[in-house]
Amino acid sequence: MFGINLEKIDIEGSIFSGQSFRWERTENEHKTCHGVVDGKLLIIEYGNVNSPVLKSTSRLIDGKSLEEFARRYFSLDIDGSNAFPESFKRTYPEVWQLLQPYLQVKILRQAPFETLVTFMCAQGIGMNIIRRQVKHLTEKLGTRHRFVLESGPIVYHAFPTPEALASADPDALKLCTNNNCIRARNIVDAAAAVASGRLDLEALRDPEMPLETARERLCRERGIGLKIADCVMLFGLQRFSAFPIDTHVHQYLGAWFSFGEALKSLTGKTYLSLQRRAAELFDPELAGFAGHILFHAWRKEVKRLQSF
DNA sequence: CTCCAGGACACTT
DNA sequence: AAGTGTCATGGA
């Protein structure tokens with residue numbers, strides 16, 4: 001057990017798949033996050049924000065200390081406010097003001113395959129259903145882990161391996177994809193591509209490879225369009241310059257920055273056009289980080305959505 | 001009841 | 001080239 005300053009992390013802001021890490025709210029406003037990473041259980045508690053605690057069943061993960069691991073996993077090395085240049089603050093002072101509570105939002109450096117599959121589950125449906133799908137996926141096909149804590153045993157399921165998903169029966173997988181047969185088949189196919197080595201996700205991390213090239217490779221798979229490919233690059237491949245445009249980004253680009261294209265439906269052409277203009281607003285290296293911060297500010301401050 | 005949710009794709013004008 | 005329908009379900 002050691003101390004790590006979780007005030008610097010907007011924990012609610014980053015968790016999506018809820019499986020590498022899962023957030024749970026217990027009775028008395030005491031929040032706990034725990035999840036399986038590489039077969040090890042990580043727990044973060046912050047009932048009192050002044051004394052948050054990160055602990056694990058194992059001192060070492062991947063040969064690194066837990067603190068080292070967490071620092072990287074939570075992107076503590078990235079300062080999101082650096083994504084916003086002075087020109088942005090001058091031009092959009094009211095937006096900049098609104099963003100202040102969200103500058104600590106961190107993007108998790110999640111596992112590429114998990115990121116790929118979870119975002120394939122997230123097409124045109126709400127967060128609750130997405131979560132449910134991922135939960136079913138892990139419980140049906142993921143390795144089961146049992147940990148004994150002071151409070152009693154906890155059971156967790158790791159995210160399924162590409163092999164496990166590739167050999168899954170698409171009909172059975174329907175339960176994990178909101179009964180959507182097309183999506184189930186696409187996920188099995190993508191998993192097979194990764195398992196066979198035909199789709200080498202690790203290779204797409206290479207900074208030498210242009211963003212465009214990596215995206216093009218991802219989009220070759222059925223069920224992966226521009227948005228999902230950009231999400232995989234941003235959340236799973238640590239490509240912080242990738243700028244995914246979903247329905248919410250589409251909306252705030254129109255409302256906050258008066259992008260005319262935002263009035264039109266989000267076709268491929270509109271998507272690319274919006275993306276080019278958005279990239280000019282931020283530090284190119286951290287455009288995706290900026291987008292994610294804006295995303296949460298938009299959802300909570302404007303749409304009043306209870307995200308997590 | 002209608003509308004929209006962290007979309008992608010086929011199909012029609 | 002640009003718009004519309006389909007897939008699916010739940011919550012507001």
Side-chain angles (χ1 to χ4, degrees), chain A residues 10 12-21 23 102 105-108 110 114-137 170-190 193 215-236 239 242-255 260-275 278 287-308:
Chain A
D10 181 343
E12 295 183 320
S14 305
I15 309 304
F16 167 53
S17 80
Q19 283 308 318
S20 252
F21 264 73
W23 299 105
Y102 298 91
V105 169
K106 300 291 184 183
I107 289 177
L108 299 187
Q110 292 186 291
E114 172 178 350
T115 310
L116 177 75
V117 176
T118 52
F119 276 102
M120 287 182 80
C121 289
Q123 297 178 40
I125 52 178
M127 202 73 86
N128 288 333
I129 300 181
I130 297 167
R131 283 242 167 88
R132 192 179 64 192
Q133 293 179 93
V134 176
K135 185 172 187 292
H136 285 178
L137 271 178
D171 279 336
L173 203 61
K174 275 173 54 181
L175 294 172
C176 309
T177 57
N178 205 29
N179 288 326
N180 188 319
C181 305
I182 302 170
R183 199 163 301 169
R185 182 168 46 77
N186 287 342
I187 287 175
V188 171
D189 289 349
R215 180 164 69 183
E216 197 182 315
R217 176 64 195 91
L218 287 166
C219 287
R220 229 179 281 163
E221 305 300 320
R222 294 183 67 83
I224 302 179
L226 293 172
K227 188 267 178 181
I228 291 182
D230 282 335
C231 282
V232 172
M233 294 198 292
L234 177 62
F235 297 100
R239 297 268 196 160
F243 190 88
I245 301 176
D246 65 5
T247 173
H248 293 107
V249 177
H250 186 206
Q251 290 167 26
Y252 77 60
L253 286 178
E261 301 96 315
L263 296 174
K264 300 195 285 187
S265 64
L266 200 50
T267 62
K269 186 180 175 183
T270 310
Y271 186 100
L272 294 173
S273 171
L274 283 170
Q275 198 171 54
F289 230 95
H292 194 58
I293 288 168
L294 286 156
F295 169 85
H296 283 290
W298 175 259
R299 280 181 62 102
K300 284 195 179 176
E301 300 294 327
V302 180
K303 305 280 285 192
R304 300 289 173 193
L305 288 173
Q306 188 192 343
S307 295
F308 302 97

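A note on names: the letters A, B, ... follow the listed sequences, proteins ahead of strands, and every chain is numbered from 1.
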Problem set entry | Whole-Å distance separating the CG atom of Leu266(A) from the C1' atom of dA1(C) | 16 Å
For this session: Verify the contact: side-chain N or O of Thr267(A) to OP1 or OP2 of dA2(C), cut-off strictly under 4.0 Å; return yes or no.
Result: no
Exercise. NA contact type, Arg222(A), heavy-atom cut-off 4.0 Å: base, sugar-phosphate, or nothing?
Worked result: sugar-phosphate
Problem set entry | Candidate nucleotides dG6(B), dG10(C), dA1(C), ranked by approach to the side chain of Lys269(A) - the nearest | dA1(C)
Problem set entry | Nucleotide of dA8(C), dG11(C), dG6(B) approaching Asn180(A) most closely (side-chain heavy atoms) | dA8(C)
For this session: Mind checking Cys231(A) for me? I need base, sugar-phosphate or nothing, with any heavy atom below 4.0 Å counting as a touch.
Result: base
Problem set entry | Options dA8(C), dG7(B), dA5(B), nucleotide nearest the side-chain atoms of Gln251(A) | dA5(B)
For this session: Using whole Å, report how far CD1 of Ile182(A) lies from P of dA10(B).
Result: 9 Å
Problem set entry | Candidate nucleotides dG6(B), dA1(C), dG10(C), ranked by approach to the side chain of Thr247(A) - the nearest | dG6(B)
Exercise. Do the rings of His296(A) and His292(A) sit parallel, tilted or perpendicular, given the 30° and 60° boundaries?
Worked result: perpendicular
Exercise. For Lys300(A) and dG6(B), what is the distance between atoms NZ and P respectively, to the nearest whole Å?
Worked result: 13 Å
Problem set entry | C1' spacing across the pair dA5(B) / dA2(C), given as an integer number of angstrom | 24 Å
Exercise. Looking at dA8(B), dA8(C), dG10(C), which one has an atom nearest to any side-chain atom of Asn178(A)?
Worked result: dA8(C)
Problem set entry | N/O donor-acceptor pair under 3.5 Å between His136(A) side chain and Leu175(A) backbone | yes
Exercise. Using the P atom in both, what is the distance from dT6(C) to dC3(B), to the nearest Å?
Worked result: 15 Å
Seminar exercise, completed: Per atom distances to the Arg132(A) side chain, the nearest of dG7(B), dG6(B), dT9(C) is dT9(C)
For this session: Round to a whole Å and report the spacing from CZ of Phe119(A) to P of dA5(B).
Result: 16 Å
Exercise. Given the C1' atoms of dC9(B) and dG10(C), what is the spacing between them in whole Å?
Worked result: 23 Å
Problem set entry | Between dA10(B) (C1') and Asn186(A) (CG): distance, integer Å | 13 Å
Exercise. Do other residues, nucleotides or ligands put more than 12 heavy atoms under 6.0 Å from the CD atom of Glu301(A)?
Worked result: yes
Problem set entry | Presence of Arg183(A) side-chain N/O under 4.0 Å of dA8(C) phosphate oxygens OP1/OP2 | no
Exercise. Which nucleotide sits closest to the side chain of Asn128(A): dA5(B), dG7(B), dG11(C)?
Worked result: dG11(C)
Seminar exercise, completed: Rounded to whole Å, CG of Leu173(A) lies from P of dC7(C) at a distance of 19 Å
Exercise. Say you pick atom P in dG5(C) and the same atom in dC4(B); how far apart are they, in whole Å?
Worked result: 14 Å
Exercise. Is there a side-chain contact between Val249(A) and Phe243(A), using heavy atoms and a 4.5 Å cut-off?
Worked result: yes
Exercise. Does Gln133(A) make a side-chain N or O approach to OP1 or OP2 of dG6(B) shorter than 4.0 Å?
Worked result: no
Exercise. Does a nitrogen or oxygen in the side chain of Lys303(A) sit under 4.0 Å from OP1 or OP2 of dA5(B)?
Worked result: yes
Exercise. Between dG6(B), dG7(B), dA8(C), which one does the side chain of Phe295(A) approach most closely?
Worked result: dG6(B)
Seminar exercise, completed: In whole angstroms, the gap separating P of dG11(C) from CZ of Arg304(A) amounts to 22 Å
Exercise. Has Lys264(A) got a side-chain N or O lying under 4.0 Å from the OP1 or OP2 atom of dA2(C)?
Worked result: no
Exercise. Do you see a donor-acceptor pair shorter than 3.5 Å between the side chains of Asn180(A) and Gln123(A)?
Worked result: no
Exercise. Roughly how many Å is it from CZ in Arg131(A) to P in dG6(B), rounded to a whole number?
Worked result: 10 Å
Problem set entry | Pairwise side-chain contact, Arg215(A) with Asp230(A), heavy-atom cut-off 4.5 Å (strictly under) | yes
For this session: Check whether any side-chain N or O of Thr118(A) sits under 3.5 Å from a backbone N or O of Glu114(A) as a donor-acceptor pair, and report yes or no.
Result: yes
Exercise. Can you tell me how far P in dG11(C) sits from the matching atom in dA8(B), rounded to whole Å?
Worked result: 24 Å
For this session: Would you mind classifying the nucleic acid contact of Ile228(A) as base, sugar-phosphate or nothing, using non-hydrogen atoms under 4.0 angstrom?
Result: sugar-phosphate
